[in-house]
Protein chains: 2
Amino acid sequence: MKSGRNEIDQRMRSFEEMCRKLGVKRTHQRMEIFREVAQTADHPDAEKVYRGVSERIPTMSLDTVYRTLWLLKDLGLITTLGSPRERTRFDANLDHHHHFVCVKCGLTRDFYSDDLDSLKLPDSLLSIGHAVKTQVEVKGLCRECAAGEKPGDKKRRQ
Amino acid sequence: MKSGRNEIDQRMRSFEEMCRKLGVKRTHQRMEIFREVAQTADHPDAEKVYRGVSERIPTMSLDTVYRTLWLLKDLGLITTLGSPRERTRFDANLDHHHHFVCVKCGLTRDFYSDDLDSLKLPDSLLSIGHAVKTQVEVKGLCRECAAGEKPGDKKRRQ
DNA sequence: TTCTTAAATAGTAATTATTCTCTTTATAGA
DNA sequence: TCTATAAAGAGAATAATTACTATTTAAGAA
């Protein structure tokens with residue numbers, strides 16, 4: 001499930017270009033951390049990235065991995081699954097519903113749609129597993145955040 | 001955004017019935033914790049539930065709230081947003097893709113579908129915010145988990 | 001109702017992912 | 001090369017969640 005070498009080289013180049021454009025330093029550590037994430041098709045956690053990179057840079061620290069991953073996210077070069085460092089939230093709404101999440105302030109609201117309740121899933125899913133429930137997650141800006149900056153909203157961290 | 005009183009009473013009754021059916025004790029604490037989650041339309045975290053219930057049961061402990069919430073989840077009476085106690089995972093796949101998540105072992109796989117990339121969202125969303133990106137999350141059983149019990153898989157916790 | 005027993009609770013300590021602070025090192029431009 | 005400054009490293013700190021243990025309570029039997 002590894003990405004091809006060409007594609008990785010391509011992404012490494014665009015990463016370097018992005019760094020140059022934004023005045024972000026291209027350090028050995030950053031390059032290797034980015035490479036580690038870019039060359040795997042699964043969704044590693046920080047610990048796994050750390051283990052992988054440590055084989056090449058033994059003095060690597062976990063903190064640097066975290067810092068770099070968040071940086072990469074800010075640069076738009078990677079995304080995250082799940083909300084980092086956020087408390088688990090409990091949902092008593094058992095009706096089939098979907099979620100809107102504000103990428104800025106984290107506001108989460110349910111919404112409903114009969115169309116979205118009965119989506120046609122691709123056949124390729126069959127090779128992965130058996131679907132039980134599908135839910136649509138819409139990311140965007142809530143009206144308040146879209147209207148203007150609210151002081152005290154934490155950046156990065158959805 | 002509170003649910004109506006009738007509906008809550010209805011849910012309290014089905015909760016009690018469910019407990020009786022499964023031989024789970026109906027304690028004062030459990031009833032109040034369930035009521036707290038059922039009567040709010042937002043998605044409270046454990047701390048918020050704790051604060052709410054504490055007004056009625058001052059000796060309530062946070063641990064009980066956590067244990068009860070996971071119990072409610074196991075009973076299928078509530079669901080969670082985000083994966084509890086799971087590390088943040090990083091995703092280097094920037095192509096528009098969707099996720100299949102095994103509810104049993106947590107396996108997460110990307111899949112693709114042009115249809116799902118361009119979903120028609122309901123107008124009701126406009127009152128909440130401005131959509132930037134939509135992603136479909138399919139929950140189900142991966143082939144391995146569907147095939148049989150794997151020893152050492154942690155239950156509860158997706 | 002009272003008794004019995006397994007299950008649940010409260011309180012506190014322990015875990016663990018993530019972040020902060022401070023010092024050292026490496027990068028990019030002059 | 002030299003210098004200003006960003007980034008890395010190390011270890012301690014933080015905070016959400018879980019584990020442990022003594023005590024209490026619900027549910028069914030007598």
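Please read these numbers as outputs of a predicted model, since none were measured by experiment.
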Give a yes/no on whether any side-chain N or O of B/T88 is located under 4.0 angstrom from OP1 or OP2 of C/dA17.
no
When you measure from the side-chain N and O atoms of A/R30 to the phosphate of D/dA8, is any distance below 4.0 Å, counting only OP1 and OP2?
yes
Starting at atom [atom1] of [X], determine the distance to atom [atom2] of [N], rounded to an integer number of angstrom.
X: A/W70; N: D/dA6; atom1: CH2; atom2: C1'; result: 21 Å
X: A/M31; N: D/dA7; atom1: CE; atom2: P; result: 14 Å
X: B/I33; N: C/dA10; atom1: CD1; atom2: C1'; result: 12 Å
X: A/L71; N: D/dA8; atom1: CG; atom2: C1'; result: 13 Å
X: B/L69; N: C/dA8; atom1: CG; atom2: P; result: 15 Å
X: B/M60; N: C/dA8; atom1: CE; atom2: P; result: 14 Å
X: B/I57; N: D/dT24; atom1: CD1; atom2: P; result: 17 Å

Under 6.0 Å between ring centres, would you say that holds for B/F111 and B/F100?
no
Sole candidate of B/K133, B/H97, B/H98 that passes side-chain contact (heavy atoms from CB on, under 4.5 Å) when paired with B/D117:
B/H98
Interatomic distance, [X] atom [atom1] to [Y] atom [atom2] [nearest 0.5 angstrom]:
X: A/T40; Y: A/R35; atom1: OG1; atom2: CZ; result: 14.0 Å
X: B/E32; Y: B/T64; atom1: CD; atom2: OG1; result: 13.5 Å
X: B/Q10; Y: B/R13; atom1: CD; atom2: CZ; result: 5.0 Å

Side chain of B/R109, backbone of B/C142: donor and acceptor closer than 3.5 Å?
no
With distance as the sole test, does B/R89 use its side chain to make a donor-acceptor pair with the main-chain N or O of A/H43 at under 3.5 Å?
yes
Note: for A/S61 and B/L62 on DNA chain D, the residue whose nearest nucleotide lies more 5' is A/S61
Using five base pairs at each end, measure the axis-to-axis angle across the helix from C/dT1-D/dA30 to C/dA30-D/dT1 and round it to 10 degrees.
40°
Partner residues of B/D110 under the salt bridge (Lys or Arg N to Asp or Glu O under 4.0 Å) criterion, sequence neighbours left out:
none
Across all chains, not counting sequence neighbours, the salt bridge (Lys or Arg N to Asp or Glu O under 4.0 Å) partners of A/R30 are none
Nearest of D/dA16, C/dT18, C/dT9 to any side-chain atom of A/Y66?
C/dT18
Indicate every side-chain donor-acceptor pair of residues 118-129 of chain A with a distance under 3.5 Å to a residue at least two apart or in another chain.
{"from": "A/S118", "atom 1": "OG", "to": "A/D114", "atom 2": "O", "distance (Å)": "3.4"}
{"from": "A/S127", "atom 1": "OG", "to": "A/S124", "atom 2": "O", "distance (Å)": "2.9"}

Within residues 44-52 of chain A: residues closer than 4.0 Å to DNA chain C (heavy atoms):
none
From the list A/Y50, A/W70, A/Y66, A/F34, ring-ring contact (aromatic ring centres under 6.0 Å, His included) partner of B/F90 resolves to A/W70
Which letters describe nucleotides 21-30 of chain C, given B = protein heavy atom under 4.0 Å from base, S = only from sugar-phosphate, - = neither?
B-----BS--
